[in-house]
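Structure first, then comments.
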Amino acid sequence: MPPLRRSTRLQHHSYANPVQYWLMKAEPDSRIVKGIDVKFSIDDLCNMKGSTSPWDGVRNFEARNIMRDKMNVGDKVLFYHSNCKTPGVAGTAVVVRSGYPDHTAFDKAHPYYDPKSSPDSPKWYMVDIKFESKFPKVVTLNQLKQHEDLKEMVLIKRGRLSVQPVRKNEYEFILDLAK
DNA sequence: GCCAACGTTGGC
DNA sequence: GCCAACGTTGGC
């Protein structure tokens, strides 16, 4: 029998996942929850070490499932400012680490602690994202609502979901609005 | 700060 | 597995 051969070249670039698009909501204004400030804006992401941050604290199953099962390194993210004076898309980011357990759920002292989650059987997951761009001006929710091309967006049709899918055409349309 | 919409919990 | 009660999201 000939030795089993495996092409490293193929492994490196033949089966890459196609880029997917997401929208992630963060609150740019200070708000204290169980003693910590949950504020996180596009500037805060930019100012992180390596302009990269874990997306911890998501405690919703649908959003969790997206991060755990769907998001891939290289996927593109619309960074959305919510629960603030001018809600809207503030910039873009890229997924740099795919789903892994959200350790803030294991820490009794942490506001995101969940006794039902443990390192052996994690309930909550997160990804890491890296800052890519800050729009010159926030593309407001109001603006988004005015475009027929965006009326099927999960953000518009449904709202209330902190990590959600975006169609490629929607992503590109919003990048155009940002110019 | 209000409150509608909707996700989650838990008794039955 | 239903569904009432409760909690959270998030625009306004």
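Heavy atoms only: backbone and side chains are in, while hydrogens, waters and symmetry mates are out. Throughout, a chain's letter reflects where its sequence line sits, starting with A, and its residues are numbered from 1.
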field: Contact nearer the 5' end of DNA chain B, comparing A:Arg158 with A:Lys116
entry: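 In this pair, the answer is A:Arg158.
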
task: Establish, with yes or no, whether the OP1 or OP2 oxygen of C:dG10 is under 4.0 angstrom from a side-chain nitrogen or oxygen of A:Lys25.
output: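 Looking at the OP1 and OP2 atoms of C:dG10, one of them is under 4.0 Å from a side-chain N or O of A:Lys25.
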
message: For a quick test of reading the model: is some side-chain N or O of A:Tyr80 closer than 4.0 Å to OP1 or OP2 of C:dG11?
response: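 Result: yes.
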
message: Need to verify one output field. Residue with the more 5' nearest nucleotide on DNA chain C, A:Arg31 or A:Asn142?
response: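 Nearest-nucleotide comparison on DNA chain C picks A:Arg31.
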
message: By the definition side-chain hydrogen bond (donor to acceptor under 3.5 Å, both in side chains), identify the one residue from A:Arg68, A:Arg64, A:Arg59 that meets it with A:Asp102.
response: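 When A:Arg68, A:Arg64, A:Arg59 are each tested with A:Asp102, the side-chain hydrogen bond (donor to acceptor under 3.5 Å, both in side chains) holds only for A:Arg59.
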
Residue A:Asn83, side-chain heavy atoms: nucleotide from B:dT8, C:dG11, B:dG10 that is nearest: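 For the A:Asn83 side chain, the nearest candidate turns out to be C:dG11.
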
Between [X] ([atom1]) and [N] ([atom2]), how many Å, whole number?
| X | N | atom1 | atom2 | value |
| --- | --- | --- | --- | --- |
| A:Gln164 | C:dT9 | CD | P | 14 Å |
| A:Lys157 | C:dG11 | NZ | P | 18 Å |
| A:Asp29 | C:dG10 | CG | P | 14 Å |
| A:Leu161 | C:dG11 | CG | P | 13 Å |
| A:Lys85 | B:dG1 | NZ | P | 17 Å |
| A:Phe61 | C:dT9 | CZ | C1' | 16 Å |
| A:Gln143 | C:dG11 | CD | C1' | 16 Å |
| A:Leu144 | C:dG10 | CG | P | 15 Å |

- prompt: After noting the C-alpha distance and the side-chain angles of A:Lys39 and A:Asp44, does the key distance pass the salt bridge (Lys or Arg N to Asp or Glu O under 4.0 Å) rule?
  reply: CA-CA 9 Å; A:Lys39 164 183 149 61; A:Asp44 293 326; 3.3 Å; yes

Restricting to nitrogen or oxygen on both sides, can you table the protein-nucleotides 4-7 of chain C pairs closer than 3.5 Å?
none

Over 12 non-hydrogen atoms of neighbours within 6.0 angstrom of NZ in A:Lys123: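 Buried by this count: over 12 neighbours within 6.0 Å.
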
field: Cationic N near anionic O, under 4.0 Å, A:Asp43 to A:Lys134
entry: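 Yes, this pair counts.
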
field: Test item: A:His81 side-chain N/O and A:Ile42 main-chain N/O as donor-acceptor pair under 3.5 Å
entry: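 Yes, the answer is positive, given that a donor and an acceptor are paired below the 3.5 Å cut-off.
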
- prompt: Where the side chain of A:Glu172 meets the backbone of A:Asn169, is there a donor-acceptor pair that is under 3.5 Å apart?
  reply: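 No.
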
query: For residues A:Tyr100 and A:Asp128, is any side-chain donor paired with an opposing acceptor at under 3.5 Å?
result: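 Short answer, yes.
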
